Amino acid sequence: MHGTRILQEADRLMTVCNSCRYCEGLCAVFPAMEMRRAFSDGDLNYLANLCHSCGACYADCQFSPPHEFNVNVPKTLAVARAESYAAYAWPRAFAGAFARNGLVISMIAALSVAAFIFGFAAVNDRGVLTGIHTGPGAFYKLMPHNAMALLFGLALLYAILALVMGVRAFWRDIGKPVGMTTDAKALLQAVRDAGELRYLDGRGVGCFNEDDQPTDRRKLYHHFTFYGFALCFAATCVGTLYHYLLAREAPYAWWDLPVVLGTLGGIGLVVGPLGLLGEKWKRDRVLVDEQRMGMDTAFILMLFLTSITGLALLLWRETAAMGPLLALHLGVVFALFITMPYGKFVHGIYRFVALVRYARERQMMAE
């Protein structure tokens with residue numbers, strides 16, 4: 001017996017697939033499945049987070065609907081994967097945030113933006129909020145640097161703590177075989193697999209859509225999104241070093257490294273999310289977890305809003321629009337930070353952990 005109905009269904013499908021093994025060369029899910037004869041809840045959550053939802057196994061399966069076996073691995077594992085996020089959430093009291101994630105994120109984002117706008121107006125007079133500020137330290141005329149650093153530092157630390165605790169629970173649940181340790185070789189292989197999105201291509205043909213024409217555009221837009229996010233994070237880190245080590249205050253010139261990195265990252269976080277939204281609506285509905293479309297869409301839109309408000313702030317930072325744009329950007333970023341552990345952001349981390357486990361299992365089998 002399993003803890004949920006979807007895990008019970010996933011067990012049934014994995015048992016059927018283990019008897020067939022026609023799809024064993026498509027991705028990591030099926031070789032990992034073949035290493036097992038029975039499936040615990042942790043095993044099934046592990047396999048669900050290994051799945052990249054390319055849809056190739058559904059297209060190739062001789063038992064997919066309308067066959068009486070009704071084998072639909074991508075959708076079943078998509079539902080199980082989404083439920084695993086809530087199962088490992090920390091604190092447990094916030095697990096319910098995954099149920100209506102789109103609504104939760106929308107409300108938090110709106111409240112965060114409103115808080116920054118009205119906060120700026122309350123602390124400063126309206127002339128400061130709508131005035132023109134230029135040169136080093138212009139942003140801090142609306143909100144002191146120390147207050148900004150403290151607020152966002154605490155939000156980021158909380159997000160990191162919640163994510164670490166969730167991943168810790170996931171790692172413990174998926175189990176660690178006797179004699180298994182995560183060595184550098186397995187970690188490096190997982191980094192490579194994640195960085196290349198190795199299993200998001202349906203064994204080279206791409207992801208399957210409603211027109212039954214597989215493409216690899218989802219892979220491309222995932223790359224834009226991931227590396228755009230990484231560049232924006234790098235820009236923040238470099239800006240922090242500028243401030244504390246070089247005593248240089250934001251905003252920086254167009255040619256300074258934080259601005260260059262942030263601009264490139266912002267472009268990636270515009271192209272990637274927009275592309276992912278477009279591809280999401282092209283997918284065959286039989287392959288996706290439609291009940292969680294709100295969670296996927298909310299996270300993609302949050303990334304898009306983070307980048308577009310940042311780019312707008314860069315373009316109009318020397319105009320009267322700087323104050324409202326800064327409040328809007330900070331509100332969106334703050335909402336992104338505090339909702340990261342309770343939305344689609346966690347899928348990348350859990351999938352990476354699953355890839356680490358899979359890389360080590362393959363090594364053990366080869367030894």
Side-chain angles (χ1 to χ4, degrees), residues 105-156 228-274 300-340:
I105 289 180
S106 298
M107 291 180 62
I108 292 176
L111 291 173
S112 298
V113 170
F116 276 94
I117 291 176
F118 289 110
F120 283 3
V123 174
N124 308 290
D125 58 51
R126 290 190 176 183
V128 174
L129 181 63
T130 58
I132 299 176
H133 311 287
T134 59
F139 293 157
Y140 309 133
K141 293 178 181 178
L142 291 112
M143 185 176 187
H145 174 269
N146 288 341
M148 190 183 299
L150 178 63
L151 180 62
F152 283 88
L154 290 175
L156 182 59
F229 184 89
L231 285 170
C232 288
F233 182 74
T236 302
C237 294
V238 174
T240 301
L241 294 176
Y242 270 34
H243 185 91
Y244 289 106
L245 294 184
L246 303 180
R248 294 182 58 188
E249 292 187 326
Y252 304 110
W254 292 81
W255 56 85
D256 268 324
L257 187 57
V259 179
V260 173
L261 291 173
T263 301
L264 292 175
I267 293 171
L269 282 180
V270 169
V271 175
L274 285 178
I300 292 172
L301 288 176
M302 283 297 293
L303 290 177
F304 174 76
L305 288 173
T306 299
S307 61
I308 203 69
T309 56
L311 291 173
L313 179 61
L314 177 64
L315 289 172
W316 289 294
R317 61 183 177 174
E318 295 183 356
T319 71
M322 188 268 278
L325 284 174
L326 179 62
L328 179 62
H329 181 62
L330 293 180
V332 172
V333 172
F334 183 79
L336 177 66
F337 279 4
I338 63 175
T339 59
M340 280 196 304

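Only heavy atoms go into these numbers, but all of them, side chains included; no hydrogens, no water, no symmetry mates. Quick note: residue numbers are just sequence positions, from 1. In this text the structure is predicted, and so the values were computed from the model without any measurement.
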Apply the test side-chain contact (heavy atoms from CB on, under 4.5 Å) to residues V270 and F304: give CA-CA distance (whole Å), side-chain angles for both, the deciding distance (0.1 Å), then the verdict. CA-CA 5 Å; V270 169; F304 174 76; 3.9 Å; yes
With heavy-atom distances below 4.5 Å as the criterion, would you say the side chains of [X] and [Y] are in contact?
| X | Y | answer |
| --- | --- | --- |
| L257 | Y252 | no |
| L150 | N146 | no |
| L330 | F152 | yes |
| H243 | E249 | yes |

Taking every non-hydrogen atom, the tightest pair across [X] and [Y]:
| X | Y | value |
| --- | --- | --- |
| A321 | P324 | O-CD, 3.4 Å |
| S112 | G331 | CB-O, 3.3 Å |
| F116 | A327 | CB-O, 3.6 Å |
| I267 | L311 | N-CD1, 4.2 Å |

In Å, rounded to the nearest 0.5 Å, how long is the span from [atom1] of [X] to [atom2] of [Y]?
| X | Y | atom1 | atom2 | answer |
| --- | --- | --- | --- | --- |
| T263 | L314 | OG1 | CG | 4.5 Å |
| T306 | L336 | OG1 | CG | 4.5 Å |
| L154 | F337 | CG | CZ | 12.0 Å |
| F139 | R317 | CZ | CZ | 6.0 Å |
| I105 | T339 | CD1 | OG1 | 4.5 Å |
| S307 | L231 | OG | CG | 12.5 Å |

Step by step, work out the side-chain contact (heavy atoms from CB on, under 4.5 Å) result for T134 and M322. CA-CA 10 Å; T134 59; M322 188 268 278; over 6 Å; no
Flag yes if more than 12 heavy atoms outside W255 fall under 6.0 Å of its CH2 atom; otherwise flag no. no
Students often mix this up, so state it plainly: with edges at 30° and 60°, are the rings of Y140 and H145 parallel, tilted or perpendicular? perpendicular
When L328 is tested against each of V333, L313, I117, T309 for side-chain contact (heavy atoms from CB on, under 4.5 Å), which residue passes? T309
side-chain contact (heavy atoms from CB on, under 4.5 Å) with V332: of L305, L301, I308, only one passes, and it is L305
The test is side-chain contact (heavy atoms from CB on, under 4.5 Å); show your working for R248 and D256 and say whether it passes. CA-CA 11 Å; R248 294 182 58 188; D256 268 324; 2.6 Å; yes
Scan the side chains in residues 235-242 for donor-acceptor partners under 3.5 Å anywhere in the protein, sequence neighbours excluded, and list what turns up.
unit_1, atom_1, unit_2, atom_2, d
T236, OG1, C232, O, 3.1
T240, OG1, T236, O, 2.9

